[in-house]
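First up is the structure itself, then whatever we jot down about it.
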Amino acid sequence: MAAAARALINVPPKARRGEVIGIKSLISHEMETGFRPNATGQLIPRNIIKEFVCTYNGVEVFRAEFFPAVSANPFVAFTTRATESGTITMTWTGDNGFHASESVAIVVE
Amino acid sequence: MVATRRRFLIGAGGVVLATALPDVSAHAQSQERAAAMAAAIKSVAGENPLQQGRIKIESPMTDADHVKAIHVFTEKNPQPNVAAFQLGPRAGTANIQTRMRLADTQLVVAVAEMSDGTFWRDEVEVVVTMAACLEES
């Protein structure tokens with residue numbers, strides 16, 4: 001359960017100043033809903049990612065709150081405006097102390 | 001074991017039966033679920049009137065006029081909330097993709113909160129042939 005989650009993020013490495021860029025993120029996580037029974041009929045406890053935050057050079061540009069209806073291995077695609085060269089960081093937090101973070105550099109010219 | 005045509009038909013019949021059985025109490029349950037969804041939407045929008053349409057949002061996404069948040073709800077899932085996205089003028093466009101689980105064929109509702117304080121709502125009927133969130137593991 002505490003195994004390191006594999007996260008994939010896709011950000012264009014280069015962009016023009018002011019350009020709207022597409023960002024895609026995918027993280028491996030079972031997103032157990034808490035509504036499913038196991039083989040003995042007991043409910044499997046909920047284990048989901050609750051929050052996803054994207055920061056651009058430390059400034060929050062996108063945030064998502066997830067509920068159990070979000071699919072396993074949550075995928076989110078969104079856009080942001082390329083303002084300056086720097087780092088785009090995505091952070092996922094969830095049940096059972098789940099925490100994962102991934103960063104990528106972007107060059108804006 | 002070779003999966004014969006007969007075996008497949010038996011298997012398929014079992015699925016139909018399993019999905020038909022819960023329908024006995026489905027009417028009361030669906031009213032309950034619809035109420036739960038309405039309550040969840042109210043928790044987001046408060047008493048603000050919800051204006052129909054516009055969820056394919058065309059917004060200039062400027063400081064003065066942008067989409068603040070998009071919330072997604074379902075009618076028949078065990079819990080009405082699906083996801084809430086917070087955006088801002090830096091998003092450039094109000095364009096988000098994600099993937100969700102649906103328990104049954106049902107309405108999926110999106111509510112957008114604009115920077116001027118208005119709320120917009122739109123919905124789409126999604127046909128589900130296999131439920132994903134309640135099956136046994």
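Throughout, protein chains are lettered first and strands after them, A, B, ... in sequence-line order, and every chain is numbered starting at 1.
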> Of the options Thr80(A), Ile23(A), Thr87(A), which is the one that meets Val11(A) in a side chain to side chain contact (heavy atoms under 4.5 Å, CB included)?
Replying inline: Ile23(A)
> Quick one: does NZ or CZ of Arg63(A) land under 6.0 Å from the six-membered ring centre of Phe85(B), within 45 degrees of the ring axis?
Replying inline: no
>> One thing to verify: whether Arg121(B) and Glu123(B) come together as a salt bridge, which I'm taking to mean a side-chain N less than 4.0 angstrom from a carboxylate O.
In response: yes
> Under a 4.5 Å heavy-atom cut-off, does chain B meet the side chain of Val59(A), its backbone, both or neither?
Replying inline: side chain
> Do you know which of Thr83(A), Thr79(A), Val76(A) has the most heavy-atom pairs under 4.5 Å to chain B?
Replying inline: Thr79(A)
> Ala72(A) versus chain B, heavy atoms under 4.5 Å apart: side chain, backbone, both or neither?
Replying inline: both
>> Let me check something: do Ile106(A) and Met90(A) share a hydrophobic cluster, defined by ILVMFWY side-chain heavy atoms less than 4.5 Å apart, either directly or through other members?
In response: yes
